[in-house]
Amino acid sequence: MAVEHDLETMEIPVNMGPQHPSTHGVFRMVLKVDGERVVELVPHIGYLHRGAEKLCENMDYRQGIGIHDRTEYLAPFHAELALVIAVEKLMGLEVPERAEQIRIIMAELNRITSHMMFVGAFSADAGVFGTAFTYAFREREYIQDIFEEVTGDRTMYGYFRPGGLAWDVPDDFVERVRAVLEHTRQGIDDIDNLLTKNEVFMARTRGIGAMSAEEAIDWGLSGPMLRACGVRHDLRKAQPYCIYDRFDFDVPVGQYGDVYDRYLVRLEEMRQSVRIVEQALEGLRDGPIMPKKMRRRLRTPPGEIYQGVEAPRGEYGVYIVSDGTDKPYRMKIRSACFANLMGLRDMVVGHFVADAVVILGSIDMVLGEVDR
Amino acid sequence: MSGSAPAAPPREPQAPPEVPARREKTGIEREAERLTPVEFDRGKAPYRRVLPGVLLAPADTVVAMARKSSLWPLTFGLACCAIEMIATYMSHHDLDRFGIMPWPSPRQADVMIVAGTVTKKMAPSVKLLYEQMPNPKWVIAMGACAINGGPYTRYDRVLQGVDKIIPVDVYVPGCPPRPEALLDGFLALQRKIMAERSAVG
Amino acid sequence: MDHLDEFLENPWVNGILGLLAVLVLIILVVLALIYIERKFLARIQMRLGPMRTGPYGLLQSLADAIKLLAKEDLRPARADRWVFELAPYAVFVPGFLAFVAIPFTRNWAVSFLELGLFYVVAVTGLSFVGLLMAGWASDNKYALLGGMRAAAQLISYEIPLVLALVAVSMVAGTLNLREMVEAQGRVPLVVWQPLAFFIFMAAALSELERQPFDIPTAESEVVGGPYIEYSGIRWSMFFLTSYANLFLYSLLGAAVFLGGWDWFLGRDAGPWLQALWMAGKTTFLILVFMWARGTFPRLRIDQLMSLCWKVLLPLAFLQIFLSGLVLVHGWPDWALLLTSGAGLLAAAYIVWAAVRPRPLAVREAVASGSVA
Amino acid sequence: MSSEERLEKFRPGRDGHEARKALRVPPPRGSVFDLFKEALPDVPMEAYQAVKDVVIEVSRGDVIRVLRTAKEDPRLDFRWLRCLSGVDYMDKGLEVVYHLHSYTRNHDVTVKVRCPQGDPRVPSATAVWRGADWYEREAAEMFGLVFEGHPNLVPLLLPEDMTDHHPLRKDNPLAEIEEWQGDRLAGRAEEGAGGEEEG
């Protein structure tokens, strides 16, 4: 193409966000595009930085649960879980069996709702006019009804406590969850039928945003993003917390690390979550939900701990430095999307603008957790 | 707090001693009585040029009814409340029943739902988006954070309420508000539009 | 009375009255279409759609229209004033003009042109100019991207659209739309020319910028594309035009492929019955277009282009060649079906093959670095 | 005396972290610290057992070498930088904490490096893990740390021109609640909720 040298082309910067339908909140990225192709990407975060860590350092541990809920607002149970496990380990508390089972039921149901949100938003990014979104939200609403019956709120639960649970579940809890699980299984199949084999969806997602396992580890990705690259790492298996070591479930792993694999991994994780919940329902026995003697003020002995849990988006970790009072001296939140977003530039550069949107959607970020 | 902003005129208490003596007035008649001279240079809406001044009162009513039935919010979520906002659009609650459907561009939007914490880094963008919306426009502050900063109010990078940068019409409390609360906020906004029909250009 | 008849016989008066009638019809139909689309998509998405504005939300479109008329008409400060303000007309006028040649029933049309099909195709081909003007003048990068995409897409898909229509007009032996309809008295052309019908539908979807080809106006990528900076009445003109075009292409498809008012009522049915029958077929096509919108993700611009130039265009030429072969040799009609059906299968295979193996090569190359 | 008993003797409060320092429990035999000592015999390291992980404290000069060895030595194989956080110990200085994890060995370690308040320079770990990039930018803006060798050390979560404000430092208190809404903003007071008090 000899003519190419004579033509004057210009790379134009395109600013996406902070308000853009596909940025899932207030993420901003500045793309430099050559025609439709992205040649450079600079992500900007911090538009939702609201000081969760600082506020936690000025609250006692139980108050901090609320802040953690709002930090990871699509998977609040996992955020609570990380905090309460860290405090329990600092204090050396023993959690009753029933509380552990209920925690796992709640956390896994929450994983389903979170992935449902991913499927809906991701399909909207890929261009489905809301249909998969409403299908996914139907399942979410059924599960959220259970959450509401148990905890009293639709989204911000505040249900786990250091040592156990705030209160016991309703009497018909097991039957309710079983009934909803039937529906959820059907709903996952519905979404599977709607999207997975759709030619346009496959054309848009396969081979897009691929990342090798080495790169993924180097950037510190975790969760489904990492597993889609072929690394079989799941904290529930590698370093079991709660009583995950007693459950029988598989860790789905992708092969190529592209957007389609991330979608498939999350779809399969939902099915595995259903399995875990069923097993936990089998094992649910009557019993106490809190240790016998709990102090009114939770004073942790001096020390420090890092506790991570396998949240739907990756490892949600809490690093607590305790100075012996009822407030953490330092509370660091290790958020999954924060690390997952770091690799965004490597994934996007070279693709089209439309792919950038899909790749961003595949990260399934929660800005509250990224910016804290 | 969930009602309209203080700027809204009082709706129900209308001089109780005199009303019972006469026939109960319909809403349109009451509004026509309260009608104040409208400045013609305000707003360049085409209907004002098309319809003569005599028809202003009914035209205002019709336009206000059209406006309240077709409130298009800006697709715009900030934080946790956005999830509940999306849930309100979805099948269980379905804002589309009220003619409310989201549009991604501020130029085509009527309502801005500030759903979530407004940080000081985000505040200029929120203000810009508000300014980009064409008149008439309304703002719903959804959730404790948008109302006054909510649980994050003591952190110094957080704006303590979105009403510091843009005027807010309806406050929807909750952390986050339930979808029903947001629906109620929209209904309150519809009442407000009808009550203010003669004042909005 | 003679004077009145004489007055109405005047071709100018007749034409203007016809145009006015068409304008009113378009506006009414568009209002109905917007309502129908919202209801139909809502039902696909398990929602109710508009319910509160009038009985079953019937007045919803009217409310939207009045609101949009009463909205402030903004023009960005740095926009190119004349181009920006003229662009809606440049889009609206061609779409409106095309209705002149469309026969609604055997006797109802503004004008029965001898080259009706040619005229419709020629006039609708102009509408991209308005989109390009809007994209260029808006001083917005999304609008620019969208305008460029619109230009590329509309021009490209004009070609398969025209070629598909050429193939059917060869079989019908005329370019006059009324005669084309009457040529399908016994069997509609979709039976003899399924491949041409498929190409027509795909290209029409693309010309209409609807899913899966809504690339110029993609909400999650370019936020409405060329329309992004328009508000109030100008934006509603774009909106009106896009639905008027939906009506236009459905009418065209119903007339050219589905036998119009003729098949199978016969041409002696009353005008109202004919109109009803035509409306039924048009509605069917409109619902097919809406159904695609409710279920498909969006293609990418390069996939769109390769679908056009590598699949639809060769197939359209193949269709013309096969039809010509059959017509020249005077083979029976079923040969048309046979050849065209074979072509349709070829199209299906090409699409299938395009989606399947090509991304796999990328995926394998990436996956070579996997660990663990 | 068990560690719990020793902990009980200390008064909780502001000197809690001092207490923790004083009662360092040495890491158990066969812990990951032994592997570190094998891999880096010449580097001075202090180690103690925290609640879960082994904590290794190193000096500023050695930290990159320790981290690189931790990543590349096959016995250690800490390929994942799980988390990087800063901690403000006020007059005791600033601390940078690296949490590392190994996929293959499935073990964890915490590496710490301390620097004084007046001289908050720490070598950047971006040369070892690219994933340290944003963590370091965040720690830098939140604590005023300076990561030497970082390619792009501009604030991440705060506005980019805000380099003198470090929210997570202990000397930076929480904001007061402004009771009167609408009066802080010049020019918009009459349009806002104009003097209405919000609870």
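Side chains are part of it too, since the values below use all heavy atoms of this structure and drop only hydrogens, waters and symmetry mates. Per chain, numbering begins at 1; letters A, B, ... match sequence-line order.
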[X] side-chain N/O to [Y] backbone N/O, donor-acceptor pair under 3.5 Å:
X       : Y       : result
D94(B)  : L48(C)  : yes
Q108(B) : Y227(C) : yes
K67(C)  : V63(B)  : no
R107(B) : G232(C) : no
E72(C)  : N135(B) : yes

**Message:** Between A109(B) and chain C, with a heavy-atom cut-off of 4.5 Å, which part of the residue counts as in contact: side chain, backbone, both or neither?
**Reply:**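 When you check distances to chain C, only backbone atoms of A109(B) fall under 4.5 Å.
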**Message:** Quick check on I100(B) against chain C: is it the side chain, the backbone, both or neither that has a heavy atom closer than 4.5 Å?
**Reply:**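 Only the backbone of I100(B) comes within 4.5 Å of chain C.
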**Asked** Among S231(C), P76(C), P50(C), which residue forms the greatest number of heavy-atom pairs with chain B at distances under 4.5 Å?
**Response**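 Counting heavy-atom pairs under 4.5 Å, the top option is P50(C).
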Spacing of [atom1] belonging to [X] relative to [atom2] belonging to [Y], to within rounding of 0.5 Å:
X       : Y       : atom1 : atom2 : value
W235(C) : S105(B) : CH2   : OG    : 9.5 Å
R97(B)  : R47(C)  : CZ    : CZ    : 10.5 Å
W103(B) : I228(C) : CH2   : CD1   : 12.5 Å
D96(B)  : K39(C)  : CG    : NZ    : 8.5 Å
D64(C)  : S69(B)  : CG    : OG    : 8.5 Å

**Request:** Check whether any side-chain heavy atom of F98(B) sits under 4.5 Å from a side-chain heavy atom of T53(C), and report yes or no.
**Result:**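 No, their side chains stay 4.5 Å or more apart.
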**Message:** How close do P134(B) and K71(C) get, counting heavy atoms only, and between which atoms?
**Reply:**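 Distance-wise, the nearest heavy atoms are O-NZ, 3.3 Å.
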**Item:** Minimum-distance pair of heavy atoms, taken over all atoms of M46(C) and S91(B)
**Value:**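 Between these two residues, the closest heavy atoms are O-CB, 3.1 Å.
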Counting only heavy atoms closer than 4.5 Å, note whether [X] contacts chain B via side chain, backbone, both or neither.
X       : answer
F239(C) : side chain
L74(C)  : side chain
Q60(C)  : side chain

